[in-house]
Amino acid sequence: MKRALLAGLLLLASFPASAHHSTTAEFDVTHRMTLAGTLTKVDWVNPHIVVFMTAKDGAWKFESNPPAWFRRVGVSRADFSKAIGQTVTVEGNRAKDGSQYGYLVKITYADGSSLELVPPGAAAP
Amino acid sequence: MKKQLTVFAAVAVLTAALGADQAPAPAAARAAGHPDLSGTWLFSIDLPPTAIKREANGASTVKGIDASGRRTAAAVPGALPSTPEPSYKPELRAKVKDLFDHESRTDAVFYCGKPGVPRIGPPRRIVQLPNEMIFLYEDISGDPYRIIPTDGRSHSKDPNPSYYGHAVGRWEGNTLVVESVGFVEETWFGEGGYFHSDAMRVTERFWRSGENLAYQATVDDPKVLTAPWTMPARLIKPSTEPLEESPHCVEQDGKFLVNDDHHGQR
């Protein structure tokens, strides 16, 4: 059980990963938070896209993988911006310094559809 | 009329010389008698290894990325002997370690800085002309280009320092050899804190390995290294994905860093 837990943590810690700053230096990758709110803005910028939302406790920002990555897995800005003004649920890793900032791992839209970053091994062969 | 006949005859002779079973190559490459390196090549900048899972209407799909161009290839025919790491002068090794240990704060690439040569790696697109090569890149910091003369000229005298250097190219058999000098000092030539001086000279080699583009670079900097460093070769697959302008780079993570973990620790 302990080994399974450790493996799970390692899996969790293995993403999000990028060519940018260390994830563990910035985000709590051991805990996945969930937040519902209204999607207000999507910045399609390097080195990370940024999704803005308004939740009960105010404004939040979530960065995620680089635009070049999203492009290569077939996701465009429109896949996010289509929901601006609508309620979405974001799952991710919060900034360790307590800011209302995080790394987006999953977004679920009002119609139940979702986009989620998953470990590379989950990809179909 | 006479002119048209002459052109027609020349085309007929050229067609016969090529032979019916030879695939047509771009005229410039064929005329120069060199391998054809032109084309669009796989995006080879480091990207997260994660995949995307889409769920909609009860259906689920997962799509990953092809990161093969980023990895070093095990054995590439025609590659020079290589070593995994450069050899710095003993008195500079502590500096390299310190830069690497604090890379989240010290690596300019993490702050939208230009990676320079050879860190940017192979180009996304190569246009091959009789007397020059045009390299087009896609990078998080912007989309640089390099125009590399292959007409036998040497480097300009005292070129102004730049991120991508002053380059000249030549053919050695079937390999395009690009020599670059005149670099600014703020880039690293590798992610391990590999700083360099203004004396850095980079030699990049490009050749075809089947349908792939082979790429290998050598860094020589006698002010900081004990010997030139040849890094392992990489194989880059052809790509049908067109180049696209890279979005503006806006760094916003630095202020959230709470420790010096580096990305190798993830």
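By convention in this document, chain letters (A, B, ...) are assigned in the order of the sequence lines, proteins followed by strands, and residues within each chain are numbered from 1. Only heavy atoms go into these numbers, but all of them, side chains included; no hydrogens, no water, no symmetry mates.
The heavy-atom pair separating V250(B) from P47(A) by the smallest distance is O-CD, 3.7 Å. Nearest heavy atom pair, residue P120(A) against residue P49(B), reads CB-O, 3.0 Å.
Per-residue counts of heavy-atom pairs under 4.5 Å with chain B were compared for V50(A), V45(A), D111(A); the largest is that of V45(A). When each of D79(A), I49(A), D43(A), T108(A) is checked for heavy-atom pairs under 4.5 Å with chain B, D79(A) comes out on top. Put simply, of K61(A), E116(A), K106(A), the one with the most heavy-atom pairs under 4.5 Å next to chain B is E116(A). Heavy-atom pairs under 4.5 Å with chain A were tallied for P242(B), A67(B), A59(B); the largest tally goes to P242(B).
For E244(B), the parts sitting under 4.5 Å from any heavy atom of chain A are the backbone and the side chain alike. T61(B) does not touch chain A: none of its heavy atoms, backbone or side chain, sits under 4.5 Å away. Heavy-atom distances place the side chain of F70(A), and not its backbone, under 4.5 Å from chain B.
Taken from OH in Y101(A) to NZ in K255(B), the straight-line distance is 6.5 Å, to the nearest 0.5 Å. S114(A) OG to K53(B) NZ: the interatomic distance, rounded to the nearest 0.5 Å, is 7.5 Å. We find the CZ-CG distance between F27(A) and L257(B) to be 9.0 Å, quoted to the nearest 0.5 Å. Taken from CZ in F256(B) to NZ in K96(A), the straight-line distance is 14.5 Å, to the nearest 0.5 Å. Rounded to the nearest 0.5 angstrom, I52(B) CD1 and S64(A) OG are separated by 7.0 Å. Within the model, atoms NE2 of H248(B) and CG of N46(A) stand 9.5 Å from one another, a figure rounded to the nearest 0.5 Å.
Put simply, the side chain of V118(A) does not reach to within 4.5 Å of the side chain of T50(B), judged on heavy atoms. P66(A) places a side-chain heavy atom less than 4.5 Å from the side chain of P48(B). Between E138(B) and R71(A) the shortest side-chain heavy-atom distance falls below 4.5 Å.
We find that R72(A) and D66(B) are not joined by a salt bridge, their nearest charged nitrogen and carboxylate oxygen being 4.0 Å or further apart.
In terms of modelled atom types and a separation under 3.5 Å, the side chain of W69(A) and the main chain of I65(B) share no donor-acceptor contact.
Remark: the S113(A) side chain and the N57(B) side chain contain no N/O donor-acceptor pair separated by less than 3.5 Å.
Note on residues 49-60 of chain A: pairs passing side-chain hydrogen bond (donor to acceptor under 3.5 Å, both in side chains), not counting sequence neighbours, are D57(A)-W60(A).
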